[in-house]
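So that the names make sense, note that chain A is the first sequence line, chain B the second, and so on, each numbered from 1.
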Amino acid sequence: MFSLVRSMWLIFLHMFHKRETYQYPEQKAPLPARWRGRIALTRDPDGGERCVGCYLCAAACPVDCISLQSTEDESGRRYPEFFRINFSRCIFCGFCEEACPTYAIQLLPDFEMAEYSRQQLVYEKEDLLINSEGKYPGYNYYKVAGMAIQGKDKGDAKNEEPPVDVKSLLP
Amino acid sequence: MPIINIDNKNYEVKEGKNLLEACLSLGLNLPYFCWHPALGAVGACRQCAVKVFKDADDTKGRIIMSCMEPVKDQLRMSIDDKDARNFREHVIGWLMTNHPHDCAVCDEGGACHLQDMTVMTGHSYRDYHFTKRTYNNQYLGPFLNHEMNRCIQCYRCVRFYKDFAGGKDLDVFAAHNHVYFGRQQDGILESEFSGNLAEICPTGVFTDKTLKQHYTRKWDLTSAASVCQGCGLGCNILAGERYGAVRQITNRFNAAVNGYFLCDRGRYGYEFVNSDQRIKTPMVHHGPAEQSNGIPILEHVHHRIVPGKTIGIGSPRASLESNTVLKELVGADNFYLGVSAADHDLVSLSLRLLRQGPVRAASLQDAAAADVVLILGEDVTNTAPMLALSVRQAVRRIPVAAAQQQVHLAAWQDAAIREAVQDDKGPLFILSVQETKLDEIAQGAWHTAPDNIARIGYAVSHLLNDTIPEVTGMSEQGRDIAATIAKTLKSAAHPLIIAGYGGGSEAILKSAANVAWALHDLGIDAMLSFTVPECNSMGLEMLDGHRLESAVERALNNGVDTAIVLENDLYRRLNQHSADLFFSNIKSVILLDHLYNITAEKATIILPAGTFAESDGTLVNNEGRAQRFFQVFAPATAVQESWRWLLQVAAASGHTTLSSLQHLDDVVKYIAATYPQFDGITTLTPDAHFRLAGQKVPREPHRYSGRTAMLANKNVSEPKPAEDEDTALSFTMEGYRGEPPSSMIPFFWQPGWNSVQAVNKYQVETGGPLHDGNAGKRLIEPNVNGHTPFYTEVPEPYLPLKEHLLLVPCYHIFGSEELSIHTPGIAARMPAPYLLLHSEDAKRFQVTEGHLLHFMDNGHHYTLPVIINDTLQQGVAGIPVGLPGMQIAEAPQLIKV
């Protein structure tokens, strides 16, 4: 008898506790920054596309839902000619983000991607590219890689000496 | 055989090898950079360090470079020793101090030997915190991309380019930690073998520029074993496809044919497959077939096939299957070989000489092992480039053997042997109409008219065998040349005589056969190598058919209603006048081809035929070696193999024998059963029912990406992948992951070995044949027991005639071949039409360099700019063959100016 009353009392007290239920969709849940949700392609601090079309994300993808074609623009920068993610296949494992050597592909804390038609879940580059540096502000791949692009010649990258004069014999 | 002890385990190894070769042949993983099975060892990179112990009690040992240490019986060594491992890891660490951190944008990534070796040694973090050395890159032409920052100074590039392939414009510059591999200044790499640098370079300094235009990683390529279509040598290639376009051609090792290398025409000439000139849908009267009266395309074809009035024109660039099915469809009486008169005469003579004579045809590797080489009338570098590479190796045989005697070192001691050899060259004699690239390594190179070359050939054979008549009226110089050549040939062990279509003369071929047969009679193991113009010239000639000119005659006599033209541009085979006559005298032309050309404009019905990348088939090379090429990808369009179109046409018209054939195996079996000369082609590759552990062999690597996204833009539901009913290969990544039979290896890959260097794992020993033998089967064997009479009809000497010039053909590696010029890089290196003249002749006709000279041939006017070349004989003029816009001139022939 006592235990019954005690249980009812405890449950009654719960009425005054902080509520864990979110009234979604009116009320949004706060998601941590490292939440693995919608995939986006981010940009360099200078506004250029970060993705260099190295295919590592596609290779890392366990469901093979990323396909792209890399190409090069006139300034010598590589970029994806097209970049397609089939979100109807994606399992949001984040392997692509881990594999990305340029911090281009990032998983964002956003999961609201539902569509009535599966075909709508195929995202092209226009849908994926965002105007932000995402979780890694300040990083610029071409500033550390030895590849020369327009405006950054050989020897201009971080920790690089000026190009060797091959005609010199000086030590 | 010596027994060596590696990590406390005894192994039997082959004598004369070095420890690195021994370890790799045993399947052990030992990192290396500078060593290459074809180039030997120089000990430059210090990567293959192992520990060697004095005896079982020695625990300390000493570190040595395994590539510099010969195998010795009872030798004790350790790969796994801690010091050796540390040493190797540190070497990689040092090599990486200046590496530019750009794998993501490097075309080598994923197929990079440096990546593989770095992982193998365990080096993972850069300990060096100072600045990186950088270099400026060079423009090296349309084929190769240069990125010097990635260099690890292994010296492989210059050792291949200069030492192996005889190139002159790539070298190492500067000193100490600044060494630079490149040209003296920006410019196109001159060597015809420059593309091999992309495979030789263990990292991304030299990469394939055509691949860069449509870049794809190795793991994303759908690949299949194929055979090069660039010339008659039949080099083995791997072709890789992605998104419906062929992306890259790489070498497929075949110890009997091309070994580790390809020429640039073969490597880069593939882009016609992706050309916007491709025929992709069936056409009737130049409109898409679906709209032509609602009748299926095969009905259209069937209506036009009138028995007895339909002829078939075969093609030297179509597979044996397609040609044979066409011959069966129209009947042997109505089958014509789609080759020019000159090509037909030369190739059929070559075939006769190889079949009837007692001397065997040399494979490319046989040629590289020859000790004396005689080239008659052929510019091998342009007509059969890889044969030129073999000749460059052959001239080193005698000096290397002599040096080995002198310094007592194995042949793989590359640097030491080259030092001992210096510039010594073995005997190579060249008789050609003008200077060739090989002249620089020849002991004697002489230039004269084709008939005079043949006369010297006859004179040499007379000196070797008295029963061959003496050549009368020879000049003093001619007699000296013949005597020198004959004397050297007599002392040879494995002499090689090269002739072929490039000389354009039957007399030269006959004299070459005379020389080889005379040597054979002396008990010398002589070899013959006859070059042929196209990838299946020899196969078509073996199939046999009527001459193309007789088809024109028949058409003029109203004997032809319909002509079925198989993968052929008749305007390259006949002169314009005859071709026009032919087409205006027949009612309909049914063309099966892959590119629009002038013949396609004349066609009533066009069926889209598959290129080598969309077809399975068999080709026969100049040596008579039949080789299978596999379809690389399933096209999304109506394109299919020519033989399949023809089988469907046969079925629609109720052909008795052909209607029962459906798949590749059926056709191959039918050919082997019907034509005894092709007996054995059923064994070239395992048939379609072949399975390994119950599975097919996948064309896609296990890390193929994007399967569920590639076509998602069209439809999110993935279509069923294409099935291959013709072969034991699958178009997907599912299947057997082990080593497939050598004839159907789609790509070289082994765990830990992602680059082309993985081929070591597929070989019996490093540089040796693949595990289950070299792919391909020789169909022509010499008539060893029979005796063929020598040729005796010595041609008259060529003397210049007033007002006349003797036109001789000049072939170009870039330009003379029909399909490869669709690659922009190759088209860029193609010469403009010209007329080559001796300066005396130029004076005679009052022209100088650059002036236009006008002449007429068969009603066709030529106006060509003159180029002066004094290596020609007077009265002889060179004319380029096969260039687009260049009307064919039946060369050699006499023309009036």
**Request:** May I ask you to check whether A/Phe16 and A/Phe12 place their ring centres under 6.0 Å from each other?
**Result:** yes

**Item:** Contacting region of A/Leu68 [heavy-atom separation from chain B under 4.5 Å]
**Value:** backbone

**Asked** Which bit of A/Arg89 is near chain B, if near means a heavy-atom gap under 4.5 Å: side chain, backbone, both or neither?
**Response** side chain

**Item:** When B/Ser717, B/Ala174, B/Gly110, B/Gly182 are compared by non-hydrogen pairs under 4.5 Å with chain A, the top option
**Value:** B/Ala174

**Asked** Is it the side chain or the backbone of A/Arg84 that comes within 4.5 Å of chain B heavy atoms, both, or neither?
**Response** both

**Fill in**
Assert top hit (heavy-atom pairs under 4.5 Å, partner chain A, pool B/Asp107, B/Asn177, B/Val179, B/Asn98) equals B/Asp107

**Asked** By a 4.5 Å heavy-atom criterion (distance strictly below it), what part of B/His178 contacts chain A: side chain, backbone, both, or neither?
**Response** both

**Message:** Just to verify, what does B/Asp102 make a salt bridge (charged side-chain N to carboxylate O under 4.0 Å, His left out) with, not counting sequence neighbours?
**Reply:** B/Arg150

**Pair B/His113 + B/Phe33: ring centers closer than 6.0 Å** = yes

**Message:** Using side-chain heavy atoms (C-beta onward) and a distance below 4.5 Å, is A/Thr21 in contact with A/Gln23?
**Reply:** yes

**Asked** Looking only at side chains, do A/Arg50 and A/Thr42 share a donor and an acceptor under 3.5 Å apart?
**Response** yes

**Asked** Between A/Glu72 and chain B, which part of the residue has a heavy atom less than 4.5 Å away: side chain, backbone, both or neither?
**Response** side chain

**Request:** Tell me, for B/Asn149 versus chain A, whether the close heavy atoms (under 4.5 Å) come from the side chain, the backbone, both or neither.
**Result:** side chain

**Residue A/Ser70 versus chain B: region with a heavy atom under 4.5 Å** = both

**Prompt:** Are the charged groups of B/Arg703 and B/Glu700 less than 4.0 angstrom apart, N to O?
**Reply:** no

**Message:** With a 4.5 angstrom heavy-atom cut-off, is it the side chain or the backbone of B/Asp220 that approaches chain A, or both, or neither?
**Reply:** side chain

**Fill in**
Whatever's closer than 4.5 Å to a heavy atom in chain B on A/Cys61 counts as backbone

**Complete:** Max heavy-atom pairs within cutoff under 4.5 Å with chain A, candidates B/Thr131, B/Thr134, B/Asn137, goes to B/Thr134

**Message:** Quick check on A/Glu124 against chain B: is it the side chain, the backbone, both or neither that has a heavy atom closer than 4.5 Å?
**Reply:** side chain

**Complete:** Bottom line for B/Tyr704: the part with an atom under 4.5 Å from chain A's heavy atoms is backbone

**Item:** Stepwise ring pair (Phe, Tyr, Trp, His ring centres under 6.0 Å) check, B/Tyr155 with B/Phe181
**Value:** CA-CA 8 Å; B/Tyr155 283 72; B/Phe181 298 88; 5.0 Å; yes

**Item:** B/Tyr270-B/Tyr268 aromatic ring centre distance below 6.0 Å
**Value:** no

**Item:** Which atoms of A/Val122 approach chain B - backbone, side chain, both or neither, heavy atom under 4.5 Å
**Value:** side chain

**Lys/Arg-Asp/Glu bridge criterion (N-O < 4.0 Å) met for B/Glu241, B/Arg699** = no

**Qualifying residues under side-chain hydrogen bond (donor to acceptor under 3.5 Å, both in side chains), relative to B/Thr216, sequence neighbours excluded** = B/Arg247

